[in-house]
Protein chains: 2
Amino acid sequence: MLSKELIAASTRPILLSILERGENYGYALLQEIEKISAGQIVWSEGMLYPVLHRMENEGIIESFWQEAEKGRPRKYYKITEKARPIIQVEKQQWSTVNQVLKKLWKPVKPIRNST
Amino acid sequence: MLSKELIAASTRPILLSILERGENYGYALLQEIEKISAGQIVWSEGMLYPVLHRMENEGIIESFWQEAEKGRPRKYYKITEKARPIIQVEKQQWSTVNQVLKKLWKPVKPIRNST
DNA sequence: GCAATATACCTAACGCCATTAGGTATGTCA
DNA sequence: TGACATACCTAATGGCGTTAGGTATATTGC
């Protein structure tokens with residue numbers, strides 16, 4: 001169970017990275033992330049759908065309805081050209097923080113003793 | 001300039017990791033993170049002080065006033081024993097997300113062409 | 001002497017966003 | 001026929017970063 005802050009920070013980068021590999025629909029994305037993270041990351045629908053709508057409003061992704069062989073129609077999302085630079089910035093920002101944390105998590109060098 | 005979501009997700013882990021290495025006071029922490037991140041991460045006071053107060057209320061850190069050689073007294077913070085397991089969980093959570101992103105950012109293997 | 005700047009702390013109003021908790025609709029299986 | 005999985009959506013709530021203030025001390029420049 002991730003903290004809500006970490007969810008907030010990682011959802012967009014993860015979503016865009018998944019969609020970068022191919023279009024997909026909301027419900028499948030919920031299962032996809034759970035699978036990729038080996039059950040570590042679980043998204044709620046109440047979080048995901050608003051995020052998708054917001055990103056569509058911003059023009060980062062776009063949607064189209066598609067009939068499934070069975071069940072109700074699915075709303076597929078795909079990234080737009082506008083998404084590319086955003087993904088780059090997000091990667092860079094994530095790396096910045098990750099490098100700082102990696103640095104801080106390195107054990108402190110003990111002071112060499114002269115004995 | 002980091003996104004506010006990434007700030008929210010990283011502030012506590014970073015703060016606790018810095019304080020794990022030694023007690024420090026608020027204003028110095030602002031400069032410390034800027035230095036460690038080579039200017040990439042800049043915290044605002046309006047973000048930092050409430051975070052410190054919240055963590056103190058939760059018993060994760062504790063504070064004491066100390067006179068400086070010059071200027072006003074400083075409020076130093078140090079981690080408590082309660083912080084240790086929390087830091088561990090945060091490290092683990094961060095690593096989980098980081099591994100997922102690393103996986104997603106690996107270039108997709110192109111299909112070998114028979115030409 | 002006095003204004004500007006750096007240090008060092010604090011807080012209130014605002015807006016964004018995940019959570020919680022609902023709702024609708026279709027198809028399958030017992 | 002009732003339960004469950006699939007598949008979409010939204011409203012109310014609370015937490016938290018941003019913005020924009022405030023207070024106090026010490027130094028530096030005019």
Side-chain angles (χ1 to χ4, degrees), chain A residues 1-16 23-35 40-58 60-78 90 93 97, chain B residues 1-16 23-35 40-58 60-78 90 93 97:
Chain A
M1 182 63 185
L2 294 190
S3 73
K4 111 181 207 186
E5 284 78 22
L6 201 45
I7 291 276
S10 62
T11 301
R12 281 171 78 127
I14 291 176
L15 265 183
L16 287 174
E23 58 201 35
N24 213 340
Y25 61 99
Y27 197 82
L29 289 166
L30 290 175
Q31 299 166 321
E32 182 78 3
I33 186 56
E34 203 167 336
K35 189 178 147 203
Q40 297 287 295
I41 303 178
V42 179
W43 285 341
S44 66
E45 298 185 29
M47 181 275 281
L48 180 63
Y49 289 118
V51 169
L52 289 170
H53 299 162
R54 253 175 269 141
M55 289 203 293
E56 189 174 18
N57 280 336
E58 294 170 34
I60 303 172
I61 57 176
E62 53 190 26
S63 67
F64 55 96
W65 287 93
Q66 194 159 299
E67 295 290 331
E69 285 185 18
K70 41 184 182 171
R72 13 177 330 180
R74 297 160 175 170
K75 194 173 182 181
Y76 279 79
Y77 290 93
K78 55 184 287 195
E90 282 175 349
Q93 291 192 350
V97 177
Chain B
M1 182 61 184
L2 294 190
S3 73
K4 113 182 205 182
E5 283 79 21
L6 201 45
I7 290 276
S10 61
T11 300
R12 281 172 78 126
I14 291 176
L15 264 183
L16 287 174
E23 56 201 35
N24 214 340
Y25 61 98
Y27 198 81
L29 289 166
L30 291 174
Q31 298 166 322
E32 182 79 3
I33 186 57
E34 202 167 337
K35 190 180 146 202
Q40 297 287 295
I41 303 179
V42 178
W43 285 342
S44 66
E45 299 185 29
M47 180 275 280
L48 179 63
Y49 289 118
V51 169
L52 289 171
H53 299 162
R54 252 175 268 141
M55 290 204 291
E56 189 175 16
N57 279 336
E58 294 170 34
I60 304 171
I61 57 176
E62 52 189 26
S63 67
F64 55 96
W65 287 92
Q66 195 159 300
E67 295 290 331
E69 284 187 20
K70 40 184 183 174
R72 17 177 326 181
R74 296 158 175 171
K75 195 174 184 181
Y76 280 80
Y77 290 93
K78 55 183 288 194
E90 282 175 350
Q93 291 192 351
V97 178

Next item on the list: To the nearest Å, give me how far apart OH (B/Y27) and P (C/dT5) are.
Entry: 14 Å
Checklist line | 5' to 3' contact window, DNA chain D with chain A (heavy-atom distance under 4.0 Å) | finding: D/dT6 to D/dC16
Next item on the list: Show your working on side chain to side chain contact (heavy atoms under 4.5 Å, CB included) between A/V51 and A/R54 and close with a plain yes or no.
Entry: CA-CA 5 Å; A/V51 169; A/R54 253 175 269 141; 4.1 Å; yes
Notebook entry, point to check: Which heavy-atom pair separates B/E90 from B/P13 by the least distance, and what is that distance?
Noted result: OE1-CA, 3.4 Å
Note to self: Would you say A/S44 places a side-chain N or O within less than 4.0 Å of OP1 or OP2 belonging to C/dA18?
What the structure shows: no
Item checked: For A/Y25 against A/K75, the heavy-atom pair lying closest together -> CB-O, 3.1 Å
Checklist line | Minimum side-chain heavy-atom gap A/L15-A/I33 below 4.5 Å | finding: no
Margin query: Students often get this wrong, so: under 4.0 angstrom with heavy atoms, is A/Q31 touching a base, only sugar-phosphate, or nothing?
Written below: sugar-phosphate
Note to self: At 4.0 Å (heavy atoms only), tell me whether B/E5 reaches a base, stays on the sugar-phosphate, or touches nothing.
What the structure shows: sugar-phosphate
Notebook entry, point to check: Rounded to the nearest Å, what distance is computed from the CH2 atom of residue B/W65 to the P atom of nucleotide C/dT7?
Noted result: 17 Å
Next item on the list: Rounded off to whole Å, could you give me the CG-to-P distance for the B/L29 and C/dT7 pair?
Entry: 14 Å
Check: Of all heavy-atom pairs between B/I7 and B/M47, which one has the smallest distance, and what is that distance?
Finding: CG2-CE, 3.8 Å
Next item on the list: For B/Q93 and C/dA18, give me the distance from atom CD to atom P, rounded to whole Å.
Entry: 16 Å
Margin query: Per the side chain to side chain donor-acceptor pair (under 3.5 Å) rule, what does the pair list look like for residues 6-15 of chain B, sequence neighbours excluded?
Written below: B/R12-B/E58
Next item on the list: Check the distance between C/dC16's P and A/M47's CE and give it to me in whole angstrom.
Entry: 19 Å
Check: For B/R74 and C/dT7, what is the distance between atoms CZ and P respectively, to the nearest whole Å?
Finding: 10 Å
Margin query: From NZ of B/K4 over to P of C/dA18, roughly how many Å is that when rounded to an integer?
Written below: 10 Å
Taking N or O atoms only and anything under 3.5 Å, show me the protein contacts with nucleotides 25-30 of chain C, one pair per line.
none

Check: Is a side-chain donor or acceptor of A/E56 paired with a backbone partner of A/S63 at a separation under 3.5 angstrom?
Finding: yes
Item checked: Atom pair distance, as rounded to whole Å: CD in A/E58 and P in C/dC16 -> 11 Å
Next item on the list: Just call it for A/G46: base, sugar-phosphate, or nothing, with non-hydrogen atoms closer than 4.0 Å on any strand.
Entry: base
Checklist line | Heavy-atom closest contact (B/I61 atom, B/L52 atom, distance) | finding: CD1-O, 3.5 Å
Next item on the list: Determine yes or no for a side-chain-to-main-chain donor-acceptor pair under 3.5 angstrom, with B/Q93 supplying the side chain and A/M1 the backbone.
Entry: yes
